[in-house]
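Below are the structure tokens for one structure; questions will follow.
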Amino acid sequence: MSYQDLAKQIIQNIGGEDNVISLVHCATRLRFKLKDTSIANTAAIEKLDGVVSVVQSGGQYQVVIGNTVSDVFKAISEISSINQNEPNPVDKKKEKFLDRAIDLVSSIFTPILPALIGGGMIKGLLMIAVNFGLNAESGAYMILNAAADSVFYFLPILLAYTSAKKFGANLYLAAVVGGALLYPSLIQAFTDGTSVDFFGIPVILARYTSSVLPIIFAVYFLSKVEKLCNKYIHPVVKNVLTPLLCLIIVVPSTYLLIGPVATYLSNAIGSGYEFMYSLSPIVCGVILGAVWQVLVVFGLHWGIVPIGYNNLALYGRNTINGMVGPSNFAQAGSAFGVFLRAKDVKIKQLALSASVTAIFSITEPAIYGINLKYKKPFYFALVAGGIAGGITGAAGSAALAAGPVGILSIPVFMGQGFGAFILAIIVAFFSAAIMTFFFGYNPKNEETNENEEILVSPLNGEVIDLEAVPDKVFSTGELGKGLAIIPSDGKLVAPVDGEIMVAFPTGHAIGMQTNNGTEILMHIGLETVELNGKYFDVKVKVGQKVSKGDTLVLFDREKILDEKYNIVTPILITNPKQEISLSTQAKVLIGDKLITIKK
């Protein structure tokens, strides 16, 4: 599918242009803000060729694309009016505070990621070049270093632009405010300790190069001043007086009040993080390393990313990236473990591609395409990320430049804890791969044909033919086709992804419909309805979405047998319109392939 076709399909299935409030993109995701997420056809979008997954988090409808997200974003911009007009209004009162906060941070920072990534990569390459003999005083070094440093040095101007788009301020007035904070003579005054006043009011000089919070607060204030001017100034002179009043009010206010307050807040945030980090870098590393990819899945990592940028501005080091960076390699390792273990060619290709992509810092294909799909690989990656985070936390590893963590950005971590960082990457990748290979993936569960739907065994036990069930309702096939299992323990799980349609309070039977419309009935024992729920513990309810392997019912097998009930459990397809084939295994374990349905 071409980018244009994919863009058309996405727009159509999110409810059309009129349902879009705003759209930004990061390194891998289209981040929509929709008026009504309920009308978006998520299932249809996830099936599109070129879409990895859909995530709804932080008030955003996130379509995960991967490395080509900028091409799809460009195609959407070309064929639609999304982002070309004023953003559609949204009722802020209905939005959760956390969703608003995450949306605010991601909207301001995601557009400048390419610049931060580019600058960080150049910084890393220069570190390697110096170690191989490049003179740090040469013209080549100075020019390339200017490209790397300017991104962070002039960060307030970049943030001024993105903040203005978010707050609805004039983009160019915002850029001027950012430039005023970086004006050379005032920076020199700060460096020299020269006192400065504004008509007798003393100015608390602070270094605003590379700063984050002051310009964001300043542009927010600018947006309010600009709206007041546009509202009350006569149209005849509005185009002249509005920019004049905005600059003459906002720039002095920023130097006198907004800037110092925001700087103190930045310092407080930095000091607070440093205090918690110093209490136990190891514990901090284990926790952040383990949960980071979970935060990424839900988009909540944007609540922490600015702290890392703030630390980089304050101290020149970002220990957060040092602790969470190896988790990218853990996700790569789990995907690689699936590649080594899988037998299906398509799964192997997808797993290997996702693993390589994650090594280069883009983890979404590995997370959504492989690890979350099979669950255990994702969990093992979290464990490996926690171990690796503890190693880098103990060593004080830190990034010296901004940007995501991948194999090409490793030089950015040169300095304190660099050796430990390399060790952590190795541990993260190989421990996740090994755990996944031995315990995280069963090739027996592979769905080797796109025209087939696979139901795995929901029970451990002995398989018998349906005809052998001592109940004519089941044995004659009146209720449907299938087989039966004599359970060896008391746990019934979902044999496939789907929705619970029937969940008897007595717990003796569960009915569900798969995502493809197949209806399944699992009847625990014969005549066990007479127990009236005794010895059964139902874990689901009607309408609940379940994933393959989720626990549906726990039951006391021994006590049911003691009550003289037959425990044989028929597993039936109650709408067998398609051809089905049954397992020939005499005994099965939960997760073994049980029934194959031709779509």
Side-chain angles (χ1 to χ4, degrees), residues 13 40-48 51-57 63-64 294 297-298 334-335 338 342 344 346-347 350-351 354 364-379 440-460 480 482 485 491-503 509-522 538-553 569 571-578 580-583 588-599:
N13 285 292
N41 191 340
T42 299
I45 294 174
E46 289 183 325
K47 290 179 181 178
L48 293 176
V51 173
V52 177
S53 182
V54 173
V55 180
Q56 296 186 56
S57 179
V63 181
V64 183
V294 177
V297 167
F298 292 103
S334 282
V338 172
D344 181 76
K346 185 176 180 180
I347 295 175
L350 178 60
E364 276 83 356
I367 291 175
Y368 297 109
I370 298 294
N371 298 342
L372 272 179
K373 180 178 181 180
Y374 300 111
K375 294 184 179 179
K376 287 184 179 179
F378 184 72
Y379 300 150
Y441 183 80
N442 187 351
K444 291 182 181 180
N445 299 335
E446 292 177 354
E447 299 180 15
T448 56
N449 191 327
E450 290 185 356
N451 296 315
E452 296 178 346
E453 182 174 26
I454 307 298
L455 273 61
V456 301
S457 176
L459 294 160
N460 296 318
I485 299 174
K491 183 179 181 180
L492 177 79
V493 306
V496 67
D497 297 345
E499 180 179 349
I500 301 299
M501 307 304 291
V502 177
I510 294 290
M512 64 178 290
Q513 185 179 69
T514 74
N515 293 336
N516 291 315
T518 302
E519 296 174 0
I520 308 165
L521 174 65
M522 294 164 281
V538 183
K539 298 295 185 182
V540 292
K541 58 185 178 181
V542 173
Q544 181 176 334
K545 298 286 187 180
V546 294
S547 299
K548 181 170 62 179
D550 287 352
T551 300
L552 304 180
V553 180
T569 302
I571 312 296
L572 305 176
I573 306 300
T574 58
N575 60 339
K577 298 178 181 178
Q578 309 94 332
I580 69 172
S581 60
L582 307 175
S583 170
V588 290
L589 297 175
I590 288 175
D592 288 347
K593 184 187 291 186
L594 191 70
I595 300 175
T596 302
I597 305 165
K598 298 292 184 181
K599 296 181 183 178

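Worth knowing before you read on, the calculation uses all heavy atoms, side chains too, and leaves out hydrogens, waters and symmetry mates.
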Problem - Over all atoms of both residues, closest heavy-atom pair of L350 and G369 - result: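 Looking at all heavy atoms of both residues, the shortest contact is CD2-O, 3.8 Å.
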Handout entry: Considering all heavy atoms, the nearest A494-S547 contact
Key =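 For A494 versus S547, the nearest heavy atoms are CB-O, 3.5 Å.
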Problem - From V496, I500, D497, V493, residue fulfilling side-chain contact (heavy atoms from CB on, under 4.5 Å) relative to V546 - result: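 That would be I500; it is the only one of V496, I500, D497, V493 passing the side-chain contact (heavy atoms from CB on, under 4.5 Å) with V546.
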Exercise for the section: Evaluate the criterion side chain to side chain contact (heavy atoms under 4.5 Å, CB included) for residue pair V588 and N460; output intermediate values, then yes/no. Expected result: CA-CA 6 Å; V588 290; N460 296 318; over 6 Å; no
Exercise for the section: Please round to the nearest 0.5 Å and tell me the distance separating atom CE of M522 and atom CE of M512. Expected result: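 CE of M512 is found 6.0 Å from CE of M522.
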Exercise for the section: Taking S334 for its side chain and P377 for its backbone only, find out whether a donor-acceptor pair lies under 3.5 Å. Expected result: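 Looks like yes, one N/O pair under 3.5 Å.
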Handout entry: Point-to-point distance, once rounded to the nearest 0.5 Å, from CD1 of I597 to CG of L455
Key =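 Atom-to-atom, I597:CD1 and L455:CG are 4.5 Å apart.
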Exercise for the section: Would you name the heavy atoms of A354 and I370 that are closest together and state the gap between them? Expected result: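 Heavy-atom minimum between the residues: CB-CG1, 4.3 Å.
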Exercise for the section: Using a 4.5 Å cut-off on heavy atoms from C-beta on, say whether the side chain of V63 contacts that of V51. Expected result: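 V51 reaches V63 side chain to side chain.
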Practice task
Starting at CG of L521, measure out to CG of N575 and round the result to the nearest 0.5 Å.
Solution key: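 That separation rounds to 11.5 Å.
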Problem - Distance-minimising heavy-atom pair for A44 and N13 - result: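 In terms of heavy atoms, the two residues are closest at CB-OD1, 3.5 Å.
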Practice task
Kindly determine whether D592 and N442 satisfy side chain to side chain contact (heavy atoms under 4.5 Å, CB included), including the steps that lead there.
Solution key: CA-CA 9 Å; D592 288 347; N442 187 351; 4.2 Å; yes
Practice task
Find the distance between OG1 (T596) and CD1 (I454) and round it off to the nearest 0.5 Å.
Solution key: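 Between atom OG1 of T596 and atom CD1 of I454 there are 3.5 Å.
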Problem - Validation row: E46, V52 side chains within 4.5 angstrom (heavy atoms) - result: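 E46 vs V52: side chains apart.
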Exercise for the section: I would like to know whether D550 and K545 meet salt bridge (Lys or Arg N to Asp or Glu O under 4.0 Å); could you show each step before the answer? Expected result: CA-CA 10 Å; D550 287 352; K545 298 286 187 180; over 6 Å; no
Problem - Note, Y379 side chain near N371 side chain (heavy atom, < 4.5 Å) - result: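 The answer is no; the side chains never approach within 4.5 Å.
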Problem - Flag for T514-E453: side-chain donor and acceptor within less than 3.5 Å - result: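 Indeed, the side chains of E453 and T514 share at least one donor-acceptor pair under 3.5 Å.
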Exercise for the section: Start with the C-alpha gap between S457 and I485, add the side-chain angles, then the distance that decides, and say whether side chain to side chain contact (heavy atoms under 4.5 Å, CB included) holds. Expected result: CA-CA 9 Å; S457 176; I485 299 174; 3.6 Å; yes
Handout entry: K593 side chain near S583 side chain, heavy-atom distance below 4.5 Å
Key =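 A side-chain contact under 4.5 Å is absent here.
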Problem - Heavy-atom side-chain contact between L594 and V456 under 4.5 Å - result: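 Not in contact.
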Exercise for the section: Let me see the working for V54 and Y368 under side chain to side chain contact (heavy atoms under 4.5 Å, CB included), right down to the final yes or no. Expected result: CA-CA 9 Å; V54 173; Y368 297 109; over 6 Å; no
Problem - Reported CD-to-OG1 distance for the pair Q513 and T518, which is rounded to 0.5 angstrom - result: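 Rounded to the nearest 0.5 Å, the CD-OG1 separation comes to 8.0 Å.
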Practice task
Answer whether the closest heavy-atom distance between the side chains of P458 and L552 falls below 4.5 Å.
Solution key: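 Heavy-atom side-chain distance check fails, nothing below 4.5 Å.
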Handout entry: Gap between atom OH of Y441 and atom NZ of K375 - 0.5 Å precision
Key =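 Rounded to the nearest 0.5 Å, the NZ-OH separation comes out at 15.0 Å.
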Practice task
Would you mind reporting whether T569 and I571 have side-chain heavy atoms less than 4.5 Å apart?
Solution key: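 Answer yes - side chains close enough.
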Handout entry: Validation row: I520, P495 side chains within 4.5 angstrom (heavy atoms)
Key =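 They are in side-chain contact.
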